Structure formats: C-alpha cells, structure tokens
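The basis for the numbers below is simple: all heavy atoms, side chains too, and nothing from hydrogens, waters or symmetry mates. Every value quoted in this text rests on a predicted model; they were computed, and no experiment measured them.
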Amino acid sequence: QWKSKVQTFELKGATLAVFSVHENHIVNSSSRQWVSDAFFYPIKGVNVEFRVQFIAKQMAEGKKGHSFKKANGWGKMELKCAGEPVEGDRFKVAFLVGPGVKQYSLNATAATTDETVSMGETGDPAKKIDRRETQSSHDFGKYPLLGLPAEYEMWDFGSLQDKKKQLIHIGVEMLPQKSASEHKPHEEKLNENIESTSTITLDKKDDNSDNILSCSTRAPDDVEFEEMEFLASEERKKATLQGKVMDGPPGLKLP
C-alpha cells in the first residue's frame with residue numbers, strides 16, 4: 001500500500017506538513033520542476049489533497065536555461081490543491097525551509113499555547129530555518145494554486161540543505177482564517193494590522209551568516225477587515241452618543 005512521505009502535525013490551530021527532498025531533485029537536477037507526495041487537510045469534514053511543487057528559476061531563454069542545476073539550486077515553491085473543496089474557507093499559509101524544520105515541528109507539537117516556538121539558534125546550522133508567509137488568506141476553492149509574492153518567492157535551496165544527509169527539509173503551515181482571528185484579542189489584531197503592512201525581521205541580530213531570516217508580509221484578510229470595521233463602528237456610535245448628550249435638547253444651550 002502506498003504511503004506518503006509527508007508527515008503532518010497539529011499545532012496551535014494550524015496544520016504543519018513536513019517532508020524532505022533530496023538535493024538530486026531540486027539542487028543538482030537537470031529538470032525544471034519537481035512535485036512532492038500528497039498530504040491531506042480536512043476542509044468541512046472532507047480530506048482535501050495538497051502537494052507542493054518546486055519550479056527552478058529560469059536563467060536563460062529556452063529549455064536549456066531552465067533547470068535547478070543551471071539555477072544553482074534556486075527556485076520557488078507553490079502549494080497546489082489537487083482536490084475540489086467548496087468555496088468560502090480561507091487559510092493563511094507559510095513555507096519553511098532549512099535543517100531545523102523537523103526540530104521545529106517537534107518543538108511546536110510539544111509547546112503549550114502560552115509557549116513560543118523557537119525558530120532556531122543563531123550560529124547553529126543544524127537549526128537554521130527560513131520561514132516566509134503569504135501576503136493574505138487564500139481560498140483554495142476559488143484558486144487552487146498559491147505561491148509567495150514575486151519579491152521573495154525565490155529560495156536558495158542549496159544553502160538551506162542538511163549537508164550531512166544531502167536533504168532539504170520543507171514545511172508548510174496552514175492556518176484556518178477563523179483560528180487566526182481567535183488566537184489574538186481583537187484590539188491586538190487591529191493594532192498589528194495598522195502598525196505594519198510588511199515586515200522583514202531577523203530573530204537575532206548578529207554578524208553571523210547563519211542568522212535565521214523570517215519574512216512576513218501582513219495584509220488584513222476579509223475577517224480582519226470586518227473586525228476593524230466593527231471596532232471603528234463602535235467608536236463612531238460612542239462619539240455620536242456623546243455628541244447628542246453634550247448638544248442637549250433643541251433650543252437649550254448648555255453652559
């Protein structure tokens with residue numbers, strides 16, 4: 001019986017899919033594309049099939065200039081929904097690459113809701129992780145393919161591989177939009193969205209080249225916009241009510 005090589009973990013309302021790719025597939029390969037084994041995510045009670053496809057960076061015109069080998073291991077990832085989920089369910093997605101992905105999955109499943117999951121340690125190549133989030137939530141029922149924005153969609157898979165095992169460890173986080181809004185208070189979520197639309201941060205500042213880079217482009221999704229509108233509406237109601245009290249009845253001028 002066929003068994004997928006992709007492992008899935010549940011963590012803080014999200015699902016993390018983890019698998020490993022040999023360097024011969026996405027670093028030294030003369031092909032321009034490689035597709036992972038399938039993994040399944042339940043949407044409205046139905047297990048929906050997903051796969052991750054890797055596409056080499058094109059270095060020159062024609063087929064000869066489009067391969068992982070020509071690109072020195074540079075390429076992009078896309079999450080493809082192979083099933084047919086109903087429209088309406090939206091997800092935040094993050095891609096993770098690096099030797100520390102498997103350790104991250106173990107730490108994440110062991111952490112409580114009050115604990116912070118470690119993204120690796122500066123200077124420790126075995127725990128290095130590059131994590132990048134999509135710009136906003138996504139409905140796979142409408143659009144089955146999802147990738148990162150063009151400005152940071154390319155990965156240097158060769159530099160992120162486990163040198164001893166010649167493997168590149170990959171992770172894909174899927175967080176339902178409903179859970180995303182429940183895990184933080186409304187006011188905190190509102191402040192986050194107002195204060196930052198795009199951030200790129202280093203977990204630890206150091207001159208060491210093994211710093212873990214975490215790219216995150218924040219964009220409020222539909223539910224978050226609704227929350228923002230609700231809070232703004234409540235403030236307007238309060239202001240209106242106070243205005244009526246201060247104005248007093250018609251013809252009566254308050255001191």
Side-chain angles (χ1 to χ4, degrees), residues 1-11 13-58 66-69 71 73-99 101-102 104-105 108-109 129-150 152-158 160-162 165-177:
Q1 186 179 359
W2 176 84
K3 184 179 180 181
S4 175
K5 295 180 180 179
V6 182
Q7 294 179 293
T8 55
F9 304 87
E10 297 298 322
L11 54 127
T15 294
L16 173 66
V18 176
F19 59 95
S20 300
V21 186
H22 197 276
E23 65 176 6
N24 289 342
H25 293 307
I26 59 173
V27 176
N28 303 323
S29 173
S30 58
S31 64
R32 59 180 179 177
Q33 184 173 344
W34 187 83
V35 181
S36 76
D37 280 354
F39 66 94
F40 297 86
Y41 188 94
I43 300 179
K44 282 188 166 60
V46 178
N47 283 331
V48 179
E49 180 182 331
F50 287 86
R51 293 177 185 266
V52 180
Q53 59 185 27
F54 298 77
I55 302 171
K57 182 179 181 180
Q58 186 160 6
H66 197 182
S67 71
F68 289 105
K69 190 172 184 179
W74 280 84
K76 65 181 181 179
M77 289 187 289
E78 295 175 335
L79 181 59
K80 183 176 183 179
C81 178
E84 296 182 355
V86 295
E87 297 181 11
D89 287 81
R90 304 180 67 87
F91 298 88
K92 288 289 186 67
V93 176
F95 295 91
L96 300 86
V97 183
V101 168
K102 286 201 169 183
Y104 169 78
S105 66
T109 52
I129 297 178
D130 188 342
R131 182 183 185 278
R132 306 177 190 179
E133 294 180 2
T134 53
Q135 281 189 320
S136 62
S137 62
H138 186 81
D139 185 347
F140 288 99
K142 289 184 178 179
Y143 310 103
L145 199 62
L146 175 64
L148 292 167
Y152 58 90
E153 67 178 357
M154 290 297 171
W155 304 74
D156 182 1
F157 294 117
L160 292 166
Q161 69 175 309
D162 184 331
K165 298 180 180 179
Q166 298 178 310
L167 296 173
I168 298 91
H169 302 303
I170 307 293
V172 178
E173 285 183 16
M174 294 182 64
L175 178 67
Q177 185 188 57

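Atom NZ of residue Lys165 and atom OG of residue Ser20 lie 8.0 Å apart, to the nearest 0.5 angstrom. In this structure, the separation between NE2 on His66 and CD on Gln33 is 8.5 Å, given to the nearest 0.5 Å. Rounding to the nearest 0.5 Å gives a distance of 11.5 Å between CZ of Phe19 and NE2 of His169. Between Arg90 atom CZ and Leu175 atom CG the span is 13.0 Å, to the nearest 0.5 Å. In this structure, CZ in Phe68 is found 6.5 Å from CD1 in Ile26, a value given to the nearest 0.5 Å. Expressed to the nearest 0.5 Å, how far OG1 of Thr134 lies from CZ of Arg132 amounts to 13.0 Å.
A donor-acceptor pair is defined here as one N or O able to donate and one able to accept, closer than 3.5 Å; such a pair exists between the side chain of Asp37 and the backbone of Lys5. Formation of a donor-acceptor pair under 3.5 Å by the Ser67 side chain with backbone atoms of Arg32 is not found in this model. When atom types are taken as modelled, the side chain of His138 and the backbone of Pro144 share no donor-acceptor pair closer than 3.5 angstrom. Between the side chain of Arg51 and the backbone N or O of Ser36 there is at least one donor-acceptor pair closer than 3.5 Å. Checking side-chain atoms of Ser137 against main-chain N and O of Phe91 turns up no donor-acceptor pair under 3.5 Å.
Shown here for Asp130 and Trp155, the closest heavy-atom pair between the two residues is O-CZ3, 3.5 Å. Taking both residues in full, the closest heavy atoms of Val48 and Gly83 are given as CG1-CA, 4.0 Å, listed atom of the first, atom of the second, then distance. Taking both residues in full, the closest heavy atoms of Pro176 and Gly13 are given as CD-O, 3.3 Å, listed atom of the first, atom of the second, then distance. Residues Ala94 and Glu133 approach most closely at CB-CG, 4.0 Å, considering heavy atoms.
Qualifying side chain to side chain donor-acceptor pair (under 3.5 Å) partners for Trp34, counting only residues two or more places apart in sequence or in other chains: His25. Not counting sequence neighbours, the partners of Gln166 by the side-chain contact (heavy atoms from CB on, under 4.5 Å) test are His22, Glu23, Gln161. Under the salt bridge (charged side-chain N to carboxylate O under 4.0 Å, His left out) criterion, Asp139 pairs with no residue, sequence neighbours left out. Residues forming a side-chain contact (heavy atoms from CB on, under 4.5 Å) with Glu153 (at least two apart in sequence, or on another chain): Lys76, Leu148, Ala150. Contacts of Lys142 classified as salt bridge (charged side-chain N to carboxylate O under 4.0 Å, His left out), with partners at least two apart in sequence or in another chain: none. Residues forming a side chain to side chain donor-acceptor pair (under 3.5 Å) with Gln7 (at least two apart in sequence, or on another chain): none.
Within the 4.5 Å cutoff, no side-chain heavy atoms of Phe95 are placed close to those of Val97. Looking at Leu79 and Met174, their side chains come closer than 4.5 Å, going by heavy atoms from C-beta outward. For the pair Lys44/Val86, a side-chain contact is recorded, criterion being any heavy-atom separation below 4.5 Å from C-beta on. Using a 4.5 Å heavy-atom cutoff, the side chains of Val52 and Val35 are not in contact. Counting heavy atoms from C-beta outward, Ser29 and Asn24 have side chains that stay 4.5 Å or more apart.
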> side chain to side chain contact (heavy atoms under 4.5 Å, CB included) between Leu145 and Tyr143: does it pass, once the steps are laid out?
Replying inline: CA-CA 6 Å; Leu145 199 62; Tyr143 310 103; over 6 Å; no

>> For a side chain to side chain contact (heavy atoms under 4.5 Å, CB included) check, start with the C-alpha distance between Val172 and Val93, then their side-chain angles and the critical distance, and finish with the verdict.
In response: CA-CA 7 Å; Val172 178; Val93 176; 4.1 Å; yes

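No side-chain donor-acceptor contact under 3.5 Å links Thr15 and Glu173.
Under the side-chain contact (heavy atoms from CB on, under 4.5 Å) rule, Ile170 has a single partner from Val21, Val18, Val6, Leu96, which is Val21.
Checked against the 6.0 Å centroid threshold, Phe140 and Phe50 count as a close aromatic pair.
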